[in-house]
Amino acid sequence: MTDRFRLIYLKSAEMENNPLDQTLPSPNKGKGPGRPSTPSPNPAPETHATREILKQAKADLKHPDPKVRIISVKYYLEKSHLSITMPLLQEILSDPDSGVRAQALSTLVTFGSPIISPFLKKHLRDPDPMVRMVALKGMFRFKEKIDLNLLMQFLSDDSPWVRRKVATLLGWNQIEGVLPILVEMSEDEDPKVRKAALFSLVTLYPEEGVQRLMETMTDLDPNIRKWARDQLNRMLERPATKATIFLSR
């Protein structure tokens with residue numbers, strides 16, 4: 001089902017690029033073949049090279065230019081051992097610049113350790129939407145048991161990009177009980193959020209998704225109406241699918 005969602009989502013002819021997604025570092029980027037998925041419980045051995053790197057990183061993290069601080073996180077701390085960089089990353093998560101906070105959080109995610117879960121949950125309420133999106137992606141990546149009440153807070157998030165990201169991530173994951181959330185998001189004021197929620201609805205709940213597609217034929221946005229009609233036509237062309245069975249009732 002997840003593979004089907006990826007195929008449908010990535011092949012959508014009208015799918016727009018998310019500028020916030022483009023600015024977010026990939027969680028897997030920079031993860032070499034020899035890098036462990038979880039940090040060793042023992043501290044990494046300190047060498048002259050690591051001491052020099054850490055010294056330079058500490059100096060750059062105090063630089064007034066946030067771009068320099070971001071580079072320090074990405075090219076110094078991300079290449080080091082979590083036991084060495086964790087205190088610095090924890091401190092930089094309070095940086096006044098949202099780009100620095102996003103990079104620090106993304107770097108924590110690349111280490112692949114569940115011990116960063118408290119930081120992810122905390123920054124789900126970050127004032128900047130870019131940071132909230134990094135935290136969301138991290139939680140879904142670690143297959144966290146996400147409280148539905150926690151997800152509900154994003155229904156009224158002031159950023160449509162964040163709401164859209166939630167709707168999309170739900171379609172990539174099997175989380176029990178998200179039907180009411182997706183149904184509500186399919187009625188979002190932003191058409192891109194509605195579209196993402198409908199993708200996920202059709203994937204996770206085919207009958208409910210088809211029903212919403214039919215209702216979307218009267219959507220105020222002409223592009224959404226056309227997209228819903230195209231989706232229904234494609235479903236009708238598939239032999240013996242749940243969608244065609246539902247529509248033939």
Subject >> Minimum-distance pair of heavy atoms, taken over all atoms of Asp60 and Tyr76 >> reply: OD2-CE1, 3.4 Å
Original post:
If you link I, L, V, M, F, W and Y whenever their side-chain heavy atoms are under 4.5 Å apart, who else ends up in the same group as Ile71?
Top reply: Tyr75
**OP:** Working to the nearest 0.5 Å, report the span between NZ of Lys137 and OG1 of Thr168.
**Re:** 11.0 Å
**OP:** Could you point out which residue of Asp188, Asp157, Asp190 forms a salt bridge (Lys or Arg N to Asp or Glu O under 4.0 Å) with Arg163?
**Re:** Asp188
Original post:
More than 12 heavy atoms of other residues, nucleotides or ligands under 6.0 Å from CD of Gln153: is that the case?
Top reply: yes
**OP:** For the pair Met130 and Met133, evaluate side-chain contact (heavy atoms from CB on, under 4.5 Å) and give the outcome as yes or no after the intermediate values.
**Re:** CA-CA 5 Å; Met130 180 169 60; Met133 286 175 65; 5.9 Å; no
**OP:** Mind checking side chain to side chain contact (heavy atoms under 4.5 Å, CB included) for Val183 and listing every partner two or more places apart, or none if nothing turns up?
**Re:** Leu179, Leu201
Original post:
Looking at side-chain heavy atoms only, is the closest gap between Val162 and Arg132 below 4.5 Å?
Top reply: yes
Original post:
Taking all atoms of both residues into account, what is the closest heavy-atom pair of Ala135 and Leu124, and its distance?
Top reply: CB-CD2, 3.8 Å
Subject >> Shortest non-hydrogen separation from Leu93 to Ala104 and the atoms involved >> reply: CD2-CB, 3.8 Å
Subject >> side chain to side chain contact (heavy atoms under 4.5 Å, CB included) partners of Pro180, counting only residues at least two apart >> reply: none
Original post:
Do Leu232 and Met214 come within less than 4.5 Å of each other through their side chains, counting heavy atoms only?
Top reply: yes
**OP:** For residues Leu213 and Arg229, determine if any side-chain heavy atom of one lies less than 4.5 Å from a side-chain heavy atom of the other.
**Re:** no
Original post:
How long is the span from the CG atom in Leu182 to the OG atom in Ser200, to the nearest 0.5 Å?
Top reply: 5.5 Å
**OP:** Count the heavy atoms belonging to other residues, nucleotides or ligands that lie under 6.0 Å from CZ of Arg225, then report whether that count exceeds 12.
**Re:** yes
**OP:** Can you measure from OG1 (Thr110) to NZ (Lys79) and round to the nearest 0.5 angstrom?
**Re:** 8.5 Å
Subject >> Note, Lys192 side chain near Lys195 side chain (heavy atom, < 4.5 Å) >> reply: no
Subject >> Ile92 CD1 to Leu89 CG distance, which is reported to the nearest 0.5 Å >> reply: 8.5 Å
**OP:** Evaluate the side-chain proximity of Leu155 to Met152: yes if any heavy-atom separation is below 4.5 Å, no if none is.
**Re:** yes
Original post:
Nearest heavy-atom pair of Gly171 and Thr203: which atoms, and what distance?
Top reply: O-CG2, 4.2 Å
Subject >> Pairwise distance CD(Gln103) to CZ(Arg69) - rounded to 0.5 angstrom >> reply: 12.5 Å
Original post:
Under a 4.5 Å cut-off applied to non-hydrogen side-chain atoms, are Leu82 and Ser113 in contact?
Top reply: yes
Subject >> Asp128, Asp95, Asp126 screened by salt bridge (Lys or Arg N to Asp or Glu O under 4.0 Å) with Arg101, the one that passes >> reply: Asp126
**OP:** List the steps, then state whether side-chain contact (heavy atoms from CB on, under 4.5 Å) holds for Leu61 with Val68.
**Re:** CA-CA 7 Å; Leu61 289 175; Val68 174; over 6 Å; no
Original post:
Is Thr85 reaching over with its side chain to a backbone N or O of His81, donor-acceptor style, under 3.5 angstrom?
Top reply: yes
**OP:** Among residues two or more places apart or on two chains, list those pairs meeting salt bridge (Lys or Arg N to Asp or Glu O under 4.0 Å) that have a residue in residues 168-187.
**Re:** none
**OP:** Report yes if the side chains of Phe140 and Leu170 come closer than 4.5 Å at any heavy-atom pair, otherwise no.
**Re:** yes
**OP:** Answer yes or no: is there a donor N or O on one side and an acceptor on the other, between the side chain of Ser72 and the main chain of Ala57, under 3.5 Å?
**Re:** yes
Original post:
Does the gap between the ring centers of Trp172 and Phe199 come in under 6.0 Å?
Top reply: no
Original post:
Which value, rounded to the nearest 0.5 Å, describes the distance between Leu120 atom CG and Ile116 atom CD1?
Top reply: 4.0 Å
**OP:** Please name all residues satisfying salt bridge (Lys or Arg N to Asp or Glu O under 4.0 Å) with Glu215, sequence neighbours left out, ordered by chain then number.
**Re:** Arg212
**OP:** Can you sort out the partners of Asn149 under side chain to side chain contact (heavy atoms under 4.5 Å, CB included), two or more places apart, ordered by chain and number?
**Re:** Asp147
Original post:
Passes side-chain contact (heavy atoms from CB on, under 4.5 Å), Met235 versus Val210? Steps please.
Top reply: CA-CA 9 Å; Met235 291 176 179; Val210 170; 3.8 Å; yes
**OP:** For side-chain contact (heavy atoms from CB on, under 4.5 Å), just list the numbers for Asp221 and Arg194, CA-CA rounded to whole Å, side-chain angles, deciding distance to a tenth of an Å, and then say yes or no.
**Re:** CA-CA 10 Å; Asp221 189 299; Arg194 297 199 297 273; 3.7 Å; yes
Subject >> Non-hydrogen side-chain atoms of Val73 and Leu88 separated by less than 4.5 Å >> reply: no
